[in-house]
Amino acid sequence: MRSKHFFFQHVVKSNLTGEQLRVLMCMLTTEMDGVIGIKQREIAEMLNIAESNVSRSIKALTEAGLLSKKVEKGYDGRPVWHIDPAFEKQAKDHANELYEKFVTKA
């Protein structure tokens, strides 16, 4: 998916701490079609860090524009985040630009 390319470009430019990156990677293990569902307690246990650190990292990831705010409860009461849809729009815009270049050359 092309939007993931833009997502990871933004991750690189976001100057996240090591702990924030670890939390993000842990969250991405549950990602499916841009939707992430995992409990903070599970992340804390997987990474062997305090749940309050997980909470702060998720807040930083949201503020960096990588994730949407928690918007709903999923299966088993899991909080659900979404990868920011702006990355999908960037991918579509980029594809359209490439198409326009190709069409105008023909």
Side-chain angles (χ1 to χ4, degrees):
M1 177 188 284
R2 187 84 177 131
S3 61
K4 293 203 177 161
H5 171 77
F6 291 98
F7 172 79
F8 284 110
Q9 275 186 333
H10 192 76
V11 169
V12 169
K13 295 175 185 175
S14 294
N15 294 322
L16 301 174
T17 67
E19 188 167 83
Q20 292 164 351
L21 283 170
R22 290 178 65 218
V23 168
L24 177 62
M25 292 300 114
C26 187
M27 293 178 78
L28 289 175
T29 64
T30 68
E31 184 267 336
M32 181 174 273
D33 295 328
V35 178
I36 298 168
I38 188 169
K39 293 180 179 180
Q40 290 183 17
R41 178 180 38 80
E42 292 172 318
I43 297 169
E45 289 172 0
M46 289 173 75
L47 299 178
N48 197 28
I49 60 176
E51 209 169 321
S52 59
N53 290 11
V54 172
S55 180
R56 278 192 294 277
S57 291
I58 291 172
K59 181 179 179 186
L61 296 171
T62 302
E63 290 173 353
L66 296 166
L67 303 176
S68 68
K69 291 196 183 277
K70 180 174 51 176
V71 292
E72 56 194 84
K73 292 268 185 196
Y75 169 77
D76 191 27
R78 294 177 185 280
V80 174
W81 292 271
H82 295 270
I83 292 178
D84 195 310
F87 300 111
E88 186 66 36
K89 182 180 179 331
Q90 284 178 326
K92 286 178 184 175
D93 291 346
H94 182 70
N96 288 338
E97 287 174 24
L98 292 176
Y99 177 77
E100 289 299 320
K101 286 181 184 177
F102 178 75
V103 169
T104 57
K105 283 185 177 182

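All values below come from the heavy atoms of this structure, side chains included, with hydrogens, waters and symmetry mates left out. Since this is a predicted model, take the numbers as computed values, not measurements.
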### Task
Compare every heavy atom of A64 with every heavy atom of H10, then report the nearest pair and how far apart it is.
NE2-O, 2.6 Å

#### Entry: Rounded distance (nearest 0.5 Å) linking atom CG of L24 with atom CZ of F7
4.5 Å

### Query
From I38 CD1 over to L28 CG, what is the distance, rounded to the nearest 0.5 angstrom?
10.0 Å

#### Entry: Donor-acceptor contact present, side-chain E45 to main-chain E42, <3.5 Å
no

### Query
In Å, rounded to the nearest 0.5 Å, how long is the span from CG of L67 to OG1 of T62?
5.0 Å

### Sidechain-backbone polar pair: R22 side chain, L47 backbone, donor-acceptor under 3.5 Å
yes

### Query
What is the distance from atom CD of Q40 to atom CZ of R56, rounded to the nearest 0.5 Å?
11.0 Å

### Message
Please determine whether side-chain contact (heavy atoms from CB on, under 4.5 Å) holds for the pair V23 and N53, giving the CA-CA distance in whole Å, both sets of side-chain angles, and the decisive distance to 0.1 Å.
### Response
CA-CA 9 Å; V23 168; N53 290 11; over 6 Å; no

### Message
Nearest 0.5 angstrom please: W81 CH2 to L61 CG, how far?
### Response
10.0 Å

### Close side-chain approach of V35 to V80, heavy-atom, < 4.5 Å
yes

### Task
Quick one: pull up CZ in R41 and CE in M46 and give me the separation to the nearest 0.5 Å.
12.5 Å

### side-chain contact (heavy atoms from CB on, under 4.5 Å) evaluation trace for M27 with I58
CA-CA 9 Å; M27 293 178 78; I58 291 172; 3.8 Å; yes

### Message
Using only atom types and a distance under 3.5 Å, with no angle test, would you say the side chain of E31 pairs donor to acceptor with the backbone of D33?
### Response
yes

### Query
T30 side chain to I36 main-chain N or O, any donor-acceptor pair under 3.5 Å?
no

